[in-house]
Amino acid sequence: LEGVKDVDCGYGYCWAVASNPFDADITQAFCWGLGAEGQLGQGSLSNSSLPVGVVTDQLGTPLAGVTSISAGYAHACATTEEHKVFCWGNGENGELADPDAGIRPWAAVVPGLEDAVGVAASFSSTCAWSAQGEAYCWGSNGQGHLGLGFHASNIAVPQAVPGLEDVAEVEVGYYQTCARSTGGTTTCWGDNEYGQLGVGSTTSRAMPTEPVQTADGTPVELESLAVGGMFACGTSSEGVLCWGHDGFGQLGDGVTIQPS
C-alpha cells in the first residue's frame with residue numbers, strides 16, 4: 001500500500017485508505033483479514049491475507065475517492081470526496097442503513113446523507129456527522145445509544161440526533177455514543193452501567209443531556225475523543241482523561257474499579 005491516509009481495525013480485519021496502485025490521485029479503501037460477514041467489501045465472503053479493494057457492486061467497480069474509514073465489529077463504512085457515506089458487511093441490525101441488506105459484501109451509499117465529513121461504525125450501530133455540525137445515527141438501539149430519546153430494536157434509516165450543535169466528531173462504543181463539539185464540549189448517551197457517559201452517575205440516557213465532566217461537575221473540553229467498549233478517553237490541555245469501566249485497568253489510573 002502507498003499513500004496511506006487512514007487506517008482502522010475491526011474484529012479480525014483491518015482497513016486502510018490508500019492510493020490507487022495505478023493512479024496516485026485516486027484514493028480507495030483496502031481491506032484484509034476476516035471476511036465471513038462481508039466486512040472486507042470485496043464482493044465475496046472470503047478471508048484475505050492481502051489488502052483487497054472495496055467494490056460497489058458485483059461487477060467489481062471500485063469505491064473511489066475515499067477520505068476516511070471506520071471499522072465496526074462486522075461492518076465498515078467510509079466517507080468520500082463527494083461527502084457521502086458508504087457501508088458494507090453485516091447489516092442485520094440496520095447498521096448499513098438498508099433494512100433489506102442482511103449480509104452485503106460490497107459498499108452501497110447511505111441514503112439521506114449528502115454532506116457527511118466523518119463516520120463511526122461500532123458493534124451494531126453507525127453514526128456520521130456533517131459539515132454543518134449535525135450528527136446522525138442508525139442501527140441497533142436497544143440501549144438508546146442512537147440518542148433519539150427512546151429504545152427500539154433496530155432503526156435502519158439515519159436519524160438526526162437532537163440536542164447537539166457544532167459536532168466535530170462522533171465515536172461509538174459497545175452500547176454508548178459520544179459526540180465532541182468544535183469547542184471541545186463532549187456529550188455521551190446510551191448505556192451507563194459503568195459510568196461510561198462520564199456524568200458522575202450510572203443512570204443510562206437515551207439522548208444527549210449532560211456533558212462529560214470532572215468529579216466536581218465542571219464540563220471538560222476535549223481536543224480528541226476515543227470510545228471503547230464500555231469506557232472512553234479524550235485529550236485535553238490537562239492531558240489524557242478517561243472514564244467508565246476500569247475492571248482491567250483501561251483507564252490508566254493505577255486501579256481496577258468502575259469510576260463514573
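- As summarised for C242 and C233, their two SG atoms come within a distance smaller than 2.5 angstrom, satisfying the threshold.
- Side-chain N/O atoms of S68 and T79 include a donor and acceptor closer than 3.5 Å.
- Using a cutoff of 4.0 Å between basic side-chain nitrogens and carboxylate oxygens, E210 and R205 are scored as salt-bridged.
- In the hydrophobic clustering of ILVMFWY residues, with side-chain heavy atoms under 4.5 Å counting as a link, L40 and V66 come out together.
- Clustering ILVMFWY residues whenever any of their side-chain heavy atoms sit less than 4.5 angstrom apart, transitively, puts L96 in a cluster other than the one holding V109.
- Looking at Q28 and N20, their side chains do bring a donor and an acceptor atom within 3.5 Å of each other.
- Applying the side chain to side chain donor-acceptor pair (under 3.5 Å) rule to pairs touching residues 144-156 yields nothing, sequence neighbours excluded.
- You'll find the side chain of M207 reaches within 4.5 Å of the side chain of P162, heavy atoms only.
- Side-chain N or O atoms of E221 include none that pairs as donor or acceptor with a backbone N or O of P219 at under 3.5 Å.
- Residues V119 and C127 are not in side-chain contact: their nearest non-hydrogen atoms beyond the backbone lie 4.5 Å or more apart.
- T80 approaches A64 most closely through the heavy-atom pair CG2-O, 4.3 Å.
- Transitive grouping of hydrophobic side chains (ILVMFWY, heavy atoms separated by less than 4.5 Å) keeps F30 and L50 in distinct clusters.
- The environment of CD in Q58 is sparse: at most 12 heavy-atom neighbours from other residues, nucleotides or ligands sit within 6.0 Å.
- For the pair T235 and L241, the minimum side-chain heavy-atom distance is 4.5 Å or more.
- L63 and I69 fall within a single hydrophobic cluster, where Ile, Leu, Val, Met, Phe, Trp and Tyr side chains are chained together by heavy-atom contacts under 4.5 Å.
- Across all non-hydrogen atoms, the minimal contact from K5 to T27 is NZ-CG2, 3.5 Å.
- The side-chain heavy atoms of I103 and E92, taken from C-beta on, include a pair separated by under 4.5 Å.
- Ring-plane geometry between Y73 and Y11 is classed as parallel, the angle between the planes falling under 30 degrees on a 0 to 90 degree scale with a further cut at 60.
- Defined by atom type and a distance below 3.5 Å, a donor-acceptor pair is missing between the side-chain atoms of N90 and Q39.
- At a threshold of 4.5 Å between non-hydrogen side-chain atoms, the residues V170 and T177 count as touching.
- In this structure, D98 contributes its side chain and G91 its backbone to no donor-acceptor pair below 3.5 Å.
- Remark: side-chain polar atoms of T126 are paired, donor with acceptor, to backbone N or O of E95 under 3.5 angstrom.
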Quiz item: Should Q250 and H245 be marked as a side chain to side chain donor-acceptor pair (under 3.5 Å) after you check the CA-CA gap, both sets of side-chain angles, and the distance that decides it?
Solution: CA-CA 8 Å; Q250 58 265 56; H245 192 286; 3.3 Å; yes
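- Of all non-hydrogen atoms in T202 and E193, the two that sit nearest each other are CG2-O, 3.7 Å.
- Between C178 and L225, the shortest heavy-atom contact is CB-CD2, 3.8 Å.
- The closest side-chain donor-acceptor pair between Y136 and E134 falls under 3.5 angstrom.
- Hydrophobic clustering of Ile, Leu, Val, Met, Phe, Trp and Tyr side chains at less than 4.5 Å, counting indirect connections, keeps W138 apart from V161.
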